[in-house]
Amino acid sequence: MSEQVRVRFAPSPTGHLHIGGARTALFNYLYARRQKGVLVLRLEDTDAERSTEDSARMILDDMKWLGLDWDEGPKVGGPYGPYRQSERLDLYRAQQERLLETGHAYYCFCPPELLESKRKQAMERGDAQPKYDGTCRTLPMPEARARAAAREPHTLRLKIPDSGSTVIHDRVRGTVVFENKIMDDFILVRTNGLPTYNFAVVADDAAMKITHIIRGDDHLSNTPRQICLYQALGERLPVFAHIPMIMGPDRSRLSKRHGATSVNAYAEDGYLPEAMINYLALLGWAFDDKTTLFTRQALIDKFSLKKVSKNAAIFDPAKLLWMNGVYIRSLSPEEYVKRALAELLKARLLSEPLDEPARAWAEKAALTVKEKIKRLAELPQSMAFYFGEEVECDEAARAKLEQAKEHPEVFKTLHAKMTVLKSFSIQALEALMQELITAADIKFGVLVHPLRAAITGRVNSPGIFEVLELLGQERTIKRLAAGLKSVGIEV
RNA sequence: GUCCCCAUCGUCUAGAGGCCUAGGACAUCGCUCUUUCAAGGCGACGACACGGGUUCGAAUCCCGUUGGGGACGCCA
């Protein structure tokens, strides 16, 4: 009760943080914060082939982008470091020695090719679970030690009890029982001397005093092995909580072929971390029957493992997109403008240095599309017409523009009056156009639609008056004249 | 194949034996607001996988079937 909760997120640095990993990290983060515990970040890089420094950096960046800060781990340190497995080899060596001494582990000299072929045969025969046949299990220790000392290639295996069962008391799955006899004497240390995943996790989780292991469902069947290892090591078992996996639309494990699956890809597409967090939280967890929008703090206040669901969830980009729109719209103007300008700079629609008037103008312009976009990355596209002198009409706009021919005089007058307008403001423009439609006895749309087409090159845009004001008199007149000319109306 | 897990609208889910004529959200489709497009408002469509039990009563408990997923590596 009084013991402090310690959870961990332990990705292997083999690429960007992906959706599934992010969700696991999030649940650990929320649980830690909710319980006023500690979140440890540990890099599982014992696979030297696949782990890269770049990946490590990217994962850390992705975590930061999401705002999932860790209390112990790379960059921040902590009392149980180092926090990458490649730097903890001494610890594993000490532990393996202990296991050897207590008789829980043994040397195995079986060559990998032999094991591989035996496994294949077993599979083909359609045998029960293929498992190590225990050839080296009964090797006398002195002999094994001598062979190992003579540099004969070997691995270390854990002796699994051949009878009885191992039971997991899982916080989300309940009680799960595995018969020990279906388990392998699995490898703890590879021929190259590096620990395997199962060995390193347990050694580290124990050493780092992890109290709760919250991780993907795919690890459930590893858990009995790990429990055996905890027991062999004489360590206390943590609480396990296996959260459901995230699948692609075809119900197979979410992977690259399902499109963007890395957190980073969403960051670049203009998703807000707040939206990502909110959406991810709802994948496998729900607070009640009504609430879908949660601030980070609300998530922390309300998160509980009891409410984590058991079934796998399909990742739905459409809902994420919707939610992102909600978050963009709910941004304060200041907050929004800050992010929007960064996006425009990135797209080179703006360039630094930005003087005050230019900045103020860009901010106003960006604000006009705030309600319309669902991703920040849509900004350059949706604001394109604000930039440059001329504008190119798309097909739909072309058609609208043609309609100006039905009232050529009105548009000529519009052009003439705009040219001499003293103050090119929303109010003045509105008054002017009001006057024109009244005089010509036409509907607002008859005037607005072709005008919009000529000015923005499209059939939809923010409010036309704001657009005109922002664009300014000169460019407006120029574009209007060009547009009218293109449909045969000379001004 | 063996072991393990899971099973409510197309999707994410609420639901711990009577509150369920099964609730919410996304998507879809209408209508509405409107100078356009979004957004918003209103509404529609839409699910307890199947079969047996248990019980006065089952989406909820038990068993089986089917379906999906995961694990079975000197990957993590």
Side-chain angles (χ1 to χ4, degrees), chain A residues 10-12 14 44-47 49-51 108 110-112 115-116 119 122-131 153-157 168 170 173-174 176-179 182-184 186-198 200-201 216-225 242 244-245 247 249 251-253 279 282-293 307 309-323 325-326 329 369-374 382 396 400 430 433 437 443-449 451-453 456 458-465:
Chain A
S12 52
T14 56
E44 310 226 318
D45 56 351
T46 55
D47 184 353
E49 303 276 289
R50 299 197 306 151
S51 302
C108 173
C110 297
L115 297 172
E116 183 61 29
R119 186 165 38 237
M123 280 286 209
E124 273 159 21
R125 248 182 291 131
D127 268 14
Q129 197 132 339
K131 51 181 271 193
H154 63 275
T155 60
L156 250 41
R157 289 183 184 268
I168 307 171
D170 192 282
R173 318 281 5 155
V176 184
V177 182
F178 287 84
E179 294 302 320
I182 64 147
M183 272 191 270
D184 228 11
F186 68 92
I187 293 177
L188 299 169
V189 180
R190 306 183 253 232
T191 310
N192 66 9
L194 292 175
T196 57
Y197 162 74
N198 279 310
V201 233
D217 220 356
D218 47 338
H219 290 286
L220 188 61
S221 30
N222 276 322
T223 309
R225 287 176 234 287
H242 286 94
M245 308 202 35
M247 323 293 268
R251 296 209 164 272
S252 73
R253 203 185 179 123
Y279 177 72
L282 260 22
L283 241 34
W285 175 84
F287 174 65
D288 59 13
D289 59 341
K290 302 222 149 51
T291 326
T292 23
L293 265 16
K307 295 226 144 218
S309 82
K310 292 199 234 276
N311 32 353
I314 292 174
F315 179 73
D316 180 9
K319 190 161 183 176
L320 207 212
L321 183 62
W322 163 79
M323 196 172 274
V326 171
R329 275 175 263 129
V369 298
K370 183 178 179 226
E371 310 295 307
K372 299 177 177 296
I373 57 168
K374 290 205 170 92
S382 60
K400 280 289 175 202
E430 204 166 349
M433 288 173 61
I437 61 164
K443 283 200 192 163
F444 212 31
V446 175
L447 184 59
V448 166
H449 296 318
L451 175 62
R452 181 195 312 281
T456 68
R458 316 193 208 155
V459 293
N460 53 53
S461 76
I464 190 67
F465 303 117

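All values reported here derive from a predicted model rather than from experimental measurement. Naming: A, B, ... by sequence-line order, numbering from 1 per chain. The figures that follow rest on heavy atoms only: side chains count, while hydrogens, waters and symmetry mates do not.
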Watson-Crick or G-U wobble partner of B:U2, both distances under 3.5 Å: B:A71

Evaluation steps, side-chain contact (heavy atoms from CB on, under 4.5 Å), between A:Met323 and A:Leu282: CA-CA 11 Å; A:Met323 196 172 274; A:Leu282 260 22; 4.0 Å; yes

Sugar-phosphate, base or nothing in reach of A:Thr191, heavy atoms under 4.0 Å: base

Contact check, side chains of A:Val176 and A:His242, non-hydrogen atoms, under 4.5 Å: no

P gap between B:A22 and B:A16, integer Å: 16 Å

Protein-nucleotide distance (A:Met247, atom CE; B:A7, atom C1'), rounded to Å: 13 Å

Side-chain heavy atoms of A:Asn311 within contact of A:Pro244, under 4.5 Å: no

Sub-4.5 Å side-chain heavy-atom contact between A:Asp288 and A:Lys307: no

Gap in Å between the two P atoms, one belonging to B:G73 and one to B:C3, rounded: 16 Å

A:Phe287 CZ - B:G24 P separation (whole Å): 18 Å

Where protein sits on nucleotides 26-41 of chain B, one letter per nucleotide: B base, S sugar-phosphate only, - none, heavy atoms under 4.0 Å: SS-------BBBBSS-

Position toward the 5' end of RNA chain B (nearest nucleotide), A:Ala312 or A:Asn192: A:Ala312

Length of the CG-P vector between A:Asn222 and B:A76, whole Å: 10 Å

Protein-nucleotide distance (A:Asp217, atom CG; B:G69, atom P), rounded to Å: 13 Å

Euclidean distance for P, B:G18 against B:A58 (whole angstrom): 11 Å

Given RNA chain B, 5'-ward residue of the pair A:Phe315 and A:Asp288, judged by closest heavy atom: A:Phe315

Sugar-phosphate only, base, or nothing, as touched by A:Thr46 at under 4.0 Å among non-hydrogen atoms: sugar-phosphate

Sugar-phosphate only, base, or nothing, as touched by A:His242 at under 4.0 Å among non-hydrogen atoms: nothing

Heavy-atom check, side chain of A:Trp285 versus side chain of A:Leu283, under 4.5 Å: no

Among B:A71, B:U11, B:A14, the one nearest A:Arg251 by side-chain distance: B:U11

Sugar-phosphate only, base, or nothing, as touched by A:Met323 at under 4.0 Å among non-hydrogen atoms: nothing

Pair A:Asp217 + A:Arg173, salt bridge at N-O below 4.0 Å: yes

A:Phe315 side chain reached by A:Tyr279 side chain, heavy atoms, under 4.5 Å: yes

B:G15 and B:G23, which share atom name C1', separated by this distance in whole Å: 9 Å

Side-chain touch A:Ile168/A:Phe178, heavy atoms, less than 4.5 angstrom: yes

Whole angstrom value for the distance that separates P of B:U11 from CG of A:Leu282: 16 Å

Integer angstrom distance from the C1' of B:G46 to that of B:A27: 12 Å

B:A76 to B:A39 separation - C1' atoms, rounded to the nearest Å: 44 Å

Residue A:Asn311, side-chain heavy atoms: nucleotide from B:U8, B:A25, B:C74 that is nearest: B:U8

Sugar-phosphate only, base, or nothing, as touched by A:Lys307 at under 4.0 Å among non-hydrogen atoms: sugar-phosphate

Residue matched to B:A59 through Watson-Crick or wobble contacts both under 3.5 angstrom: none

Selection from B:C5, B:A76, B:U11 that lies nearest to any side-chain heavy atom of A:Leu220: B:C5

Candidate nucleotides B:U13, B:A76, B:C74, ranked by approach to the side chain of A:Ala313 - the nearest: B:U13

Nearest-Å distance for atom pair CZ/P, residues A:Phe186 and B:G73: 12 Å

Option among A:Thr196, A:Val189, A:Thr191 that satisfies the side-chain contact (heavy atoms from CB on, under 4.5 Å) test with A:Leu156: A:Val189

Base partner of B:C33, which must satisfy Watson-Crick or wobble distances under 3.5 Å: none

Touch class at under 4.0 angstrom, heavy-atom based, for A:Ser309 against every strand present: sugar-phosphate

Atom pair distance, as rounded to whole Å: CE in A:Met245 and C1' in B:A7: 17 Å

Pairing nucleotide - B:A7, Watson-Crick or G-U, each distance under 3.5 Å: B:U66

Nearest-angstrom distance from the residue atom CZ of A:Phe178 to P of B:C72: 12 Å

Partner nucleotide of B:A16 by Watson-Crick or wobble geometry (both distances under 3.5 Å): none

base_contact_polar (B:C74 base, A:Thr196 side chain, donor-acceptor, <3.5 Å): no

B:A71 phosphate, OP1 or OP2, under 4.0 Å from A:Arg253 side-chain N/O: yes

Sugar-phosphate, base or nothing in reach of A:Val369, heavy atoms under 4.0 Å: nothing

side-chain contact (heavy atoms from CB on, under 4.5 Å) evaluation trace for A:Ile314 with A:Arg251: CA-CA 7 Å; A:Ile314 292 174; A:Arg251 296 209 164 272; 3.5 Å; yes

Complement of B:U54, any strand, by Watson-Crick or G-U distances under 3.5 angstrom: none

Watson-Crick/G-U partner (both atom distances under 3.5 Å) of B:C48: none

Proximal nucleotide (of B:C72, B:A25, B:G15) relative to the A:Thr292 side chain: B:A25

P atoms of B:C48 and B:U21, separation to the nearest Å: 14 Å

Flag side-chain contact, heavy atom, 4.5 Å: A:Val201 against A:His219: no

Span that lies between the P atom of B:A59 and that of B:C20, in whole angstrom: 13 Å

